[in-house]
Peer 1: 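Sharing a structure below in structure tokens format, with a few things to ask.
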Protein chains: 2
Amino acid sequence: MRGKATSLDIAHLAGVSQPTVSRALRGSPMVNEETRKRILAIAEQLNYKVDKNASNLRAQQTGTLALLLFEDPTTDESHINPFFLPMLGSITRACARHGKDLLISFQQLSNDWHADYADSHKADGLILLGYGDYLAYEGKLSKLLAQGTPFVRWGAVLPDQPGLSIGCDNVGGGRLAGEHLLSLGRRRVAFLGDASSHYPEFLERYEGCDAALREAGTAMDRALQVDAESAEESGEAAAQALLSRGLPFDAVFAASDLIAIGAMRVFAEHGLRIPDDVAVVGFDDIPAARIATPALTTIRQDTTQAGELLVEKLVALVDGDAAASERLRTLLVVRRSTSAG
Amino acid sequence: MRGKATSLDIAHLAGVSQPTVSRALRGSPMVNEETRKRILAIAEQLNYKVDKNASNLRAQQTGTLALLLFEDPTTDESHINPFFLPMLGSITRACARHGKDLLISFQQLSNDWHADYADSHKADGLILLGYGDYLAYEGKLSKLLAQGTPFVRWGAVLPDQPGLSIGCDNVGGGRLAGEHLLSLGRRRVAFLGDASSHYPEFLERYEGCDAALREAGTAMDRALQVDAESAEESGEAAAQALLSRGLPFDAVFAASDLIAIGAMRVFAEHGLRIPDDVAVVGFDDIPAARIATPALTTIRQDTTQAGELLVEKLVALVDGDAAASERLRTLLVVRRSTSAG
DNA sequence: CTGAAAGCGCTTACAG
DNA sequence: CTGAAAGCGCTTACAG
């Protein structure tokens, strides 16, 4: 037998029709147990695998999900935000559990991705990851929704949002950071991150921290907020900008760990002691947070659960079942950047 | 028009036959320029995309490559070796440039992956990444080769190896490390990493360093070599083991940055000064190397070029063109772990 | 340069 | 429980 075996080859060898082979292989209950066993044995022996293209074409579905990871056009070409790495691992494992294949693509936010994957029947649904300007993004989500393409995204969970989002409880996370800093007696909390509706996750973190301070009779000071995107270089620049303002502050809440790590480097260069002069809290708990000096106190997001939920919800959407947006709990992880040894 | 548009829909609207539409869309030179334009305009307007399942089925190829990333069963479930992250980015971008889709899967080394992807026509070829016991792995490579499945792998480039490998010049990299340490006056160089044929990359790094020392009239001492896999915890354990041997050493060459970072943590806990008491050199230049304290001197592998080559070679194999294994140059990156401020 | 015909390997009514 | 028939949406000889 030359070339790959087909279901017809198996049918001949088993002395049944080709549709019976197809049924047996997919575990249809309408096939005799003995026949099934014979067919499975032959399939095994020929190392037969169902041709995905044929079965997908006929069944009009793909068994494949596509993961689209957006990068800000400004970011370095070769780097992916490390926050997404464990999520990627969790997503691939969840896909395997659900019997789905995973197509992956890294895209510029500006590209015309929204049509391609679903329209060309490469994937049944889309998982959307990436930091970036939310307002630029929202329009594309609406378009996907209008087209009827199933999708889920990771990001802020907002009211009246197109489609389905999974994100962490950013407000709660910001609150944890604020309460922790208050417990250390800090009151002048600077915020490094773009706290606007362009970056709703950052904005929610800011607001959560602010809420904690307000309950203690104080508040965040907008004069101590500096825009930054999630990258070390951006954190460095923001820290420089903050210092140059010459305003007093005794704590920094960074919108992400990368920002915090960049900022800590600048503070160290300027002779500021961490945490004595400035306590620093990040967000995400990426692996580098533990390695940084001092080790970074941060708000952990549960990326494993995030990946699992993204896949689970998308599979539900693809199957036509109901699914709703969801917020994940956050966890304060205290390290040396806020607590002296 | 309900449902997705098909090439037949376009044919009707354009007043041509369906095959002509297919030809026009794929840029066949045998179609009238004016006809083509009319067809393209209609396709654009209907937001038409070729059904991949149908075209793949007919053309008997997939336009898809599969990336299989192996993890050692011992490693933490949720973590991917950070060394592979930028390579992943480079691979996805290279795939996009070549017009290929990328399926991704994380596998246990033990799984029976070798059959699935190619046999079920999900992918035309495989990219194999992962650290792990090479000897356990080699048999599977031979099997793939025998099946005629196109594949490329990242790893040590060895003689008489099944299939095609892309790897860095580990011997040269080890030599760079050895020469650098010699230039600092260090002679007692410990090696943390499994330097055996189970981990040929590590072994080559060891041998390169040894070669450099021998040229200077000394050599590596096997009594200063401790097995370790590429993980921080493994580096910590190896450093502990090294210290407990009570032998003098003034430098450590770690087989990977993760090992080096774990080891540096242990050295610091034991009051050893880096680089004064122990100079430390890693391998890979992962992002954490720059963040570590002290920042880690290391041998950089060009992951961008690696990803591009992997895709390029695999595409050649799939197309039936010739392609050969290749070694990439390495680069010494000097940081504070070997050079005091 | 274009069309009529066949067929890739499956799944799914339909009939028995 | 099983088979004969149709068809998913393309691409590819073949004929003109």
Side-chain angles (χ1 to χ4, degrees), chain A residues 1-40 42-43 46-64 99 101 118-124, chain B residues 1-40 42-43 46-64 99 101 118-124:
Chain A
M1 180 163 318
R2 280 301 342 124
K4 308 279 182 190
T6 70
S7 56
L8 201 58
D9 297 327
I10 296 177
H12 287 150
L13 290 170
V16 297
S17 72
Q18 181 269 329
T20 298
V21 172
S22 174
R23 290 188 190 104
L25 259 25
R26 279 173 305 117
S28 160
M30 322 185 296
V31 58
N32 182 286
E33 196 45 40
E34 196 184 312
T35 313
R36 179 205 310 291
K37 278 188 183 145
R38 195 166 72 249
I39 291 171
L40 289 184
I42 296 172
L46 293 188
N47 199 16
Y48 170 79
K49 302 278 190 248
V50 173
D51 185 310
K52 279 288 173 187
N53 290 314
S55 67
N56 289 343
L57 173 59
R58 180 55 237 252
Q60 291 294 75
Q61 47 127 38
T62 68
T64 300
D101 286 318
D119 287 355
S120 56
H121 291 260
K122 290 177 186 172
D124 298 329
Chain B
M1 181 165 314
R2 278 307 337 131
K4 309 281 182 191
T6 71
S7 57
L8 201 57
D9 297 327
I10 296 177
H12 287 148
L13 290 171
V16 297
S17 72
Q18 181 270 329
T20 297
V21 172
S22 174
R23 290 189 191 103
L25 259 24
R26 277 172 306 117
S28 161
M30 322 184 295
V31 59
N32 181 287
E33 195 46 38
E34 195 185 314
T35 314
R36 180 206 309 290
K37 279 187 184 146
R38 195 166 71 248
I39 291 172
L40 289 184
I42 295 171
L46 293 188
N47 200 15
Y48 170 79
K49 303 280 189 242
V50 173
D51 185 311
K52 279 288 174 187
N53 290 314
S55 68
N56 290 343
L57 173 60
R58 180 55 236 255
Q60 291 296 74
Q61 46 128 40
T62 68
T64 300
D101 287 317
D119 287 355
S120 56
H121 290 262
K122 290 178 188 171
D124 297 328

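A note on names: the letters A, B, ... follow the listed sequences, proteins ahead of strands, and every chain is numbered from 1.
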Peer 1: Could you check how far CE of B/Met30 sits from C1' of D/dT11, rounded to whole Å?
Peer 2: 11 Å
Peer 1: Measure the distance from CD on A/Gln61 to C1' on C/dT11 and round it to the nearest whole Å.
Peer 2: 11 Å
Peer 1: Could you tell me which non-hydrogen atom of B/Pro29 sits nearest to which non-hydrogen atom of B/Arg36, and how far apart they are?
Peer 2: CA-NH2, 4.5 Å
Peer 1: Can you find a pair of side-chain heavy atoms, one from B/Tyr48 and one from B/Asp9, that are under 4.5 Å apart?
Peer 2: no
Peer 1: Over how many whole Å does the gap from B/Asn56 atom CG to D/dC10 atom P extend?
Peer 2: 12 Å
Peer 1: Would you please confirm or rule out a distance under 4.0 Å between OP1 or OP2 of D/dC10 and any side-chain N or O of B/Ser7?
Peer 2: yes
Peer 1: I need the NZ-P distance between B/Lys49 and D/dC10, as an integer number of Å.
Peer 2: 13 Å
Peer 1: Under 4.0 Å between a side-chain N or O of A/Gln60 and OP1 or OP2 of D/dG9?
Peer 2: yes
Peer 1: Just call it for B/Ser22: base, sugar-phosphate, or nothing, with non-hydrogen atoms closer than 4.0 Å on any strand.
Peer 2: base
Peer 1: Where the side chain of A/Val31 is concerned, which of C/dA5, D/dT2, D/dG3 is the nearest nucleotide?
Peer 2: D/dT2
Peer 1: Between D/dA4, D/dA13, D/dC8, which one does the side chain of A/Pro19 approach most closely?
Peer 2: D/dA4
Peer 1: Do the side-chain N or O atoms of B/Arg26 get closer than 4.0 angstrom to the phosphate oxygens (OP1, OP2) of D/dT11?
Peer 2: yes
Peer 1: Just N and O in the side chain of A/Thr6: are any of them under 4.0 Å from OP1 or OP2 of C/dG9?
Peer 2: no
Peer 1: Is the phosphate of D/dC10, meaning OP1 or OP2, less than 4.0 Å from a side-chain N or O of B/Tyr48?
Peer 2: yes
Peer 1: Nearest to the side chain of B/Val50, heavy atoms from C-beta on, is which of C/dT11, C/dC1, D/dT11?
Peer 2: D/dT11
Peer 1: Whether A/Ser55 contacts C/dG9 is assessed here as follows: a side-chain N or O lying under 4.0 Å from the phosphate OP1 or OP2. Is that the case?
Peer 2: no
Peer 1: Taking the nucleotide of DNA chain C with the nearest heavy atom to each, does B/Pro29 or B/Ala59 sit closer to the 5' end?
Peer 2: B/Pro29
Peer 1: Between A/Ala54 and A/Ser17, name the one whose nearest nucleotide on DNA chain D is closer to the 5' end.
Peer 2: A/Ser17
Peer 1: Does some side-chain heavy atom of B/Leu46 sit less than 4.5 Å from a side-chain heavy atom of B/Leu13?
Peer 2: yes
Peer 1: Tell me the interatomic distance from A/Arg23, atom CZ, to C/dC14, atom C1', rounded to whole angstroms.
Peer 2: 10 Å
Peer 1: Starting at CG of A/Leu57 and ending at P of D/dC10, how long is that distance when rounded to a whole Å?
Peer 2: 9 Å
Peer 1: If I take atom NZ in residue A/Lys122 and atom P in nucleotide D/dC10, what distance separates them, rounded to the nearest angstrom?
Peer 2: 14 Å
Peer 1: Count the heavy atoms belonging to other residues, nucleotides or ligands that lie under 6.0 Å from CD of A/Glu34, then report whether that count exceeds 12.
Peer 2: no
Peer 1: If you pin A/Arg58 and A/Arg36 to their nearest nucleotides in DNA chain D, which one's is more 5'?
Peer 2: A/Arg36
Peer 1: Does the side chain of B/Thr20 reach to within under 4.5 Å of the side chain of B/Ile39, using non-hydrogen atoms?
Peer 2: yes
Peer 1: When you compare the side chains of B/Asp124 and B/Thr62, does any donor N or O come within less than 3.5 Å of an acceptor on the partner?
Peer 2: yes
Peer 1: Look through every strand shown and name the nucleotide pairing with C/dC1 as Watson-Crick or G-U wobble, where both distances are under 3.5 Å.
Peer 2: D/dG16
Peer 1: Given atom NE2 of B/His12 and atom P of D/dC10, what is their separation to the nearest angstrom?
Peer 2: 13 Å
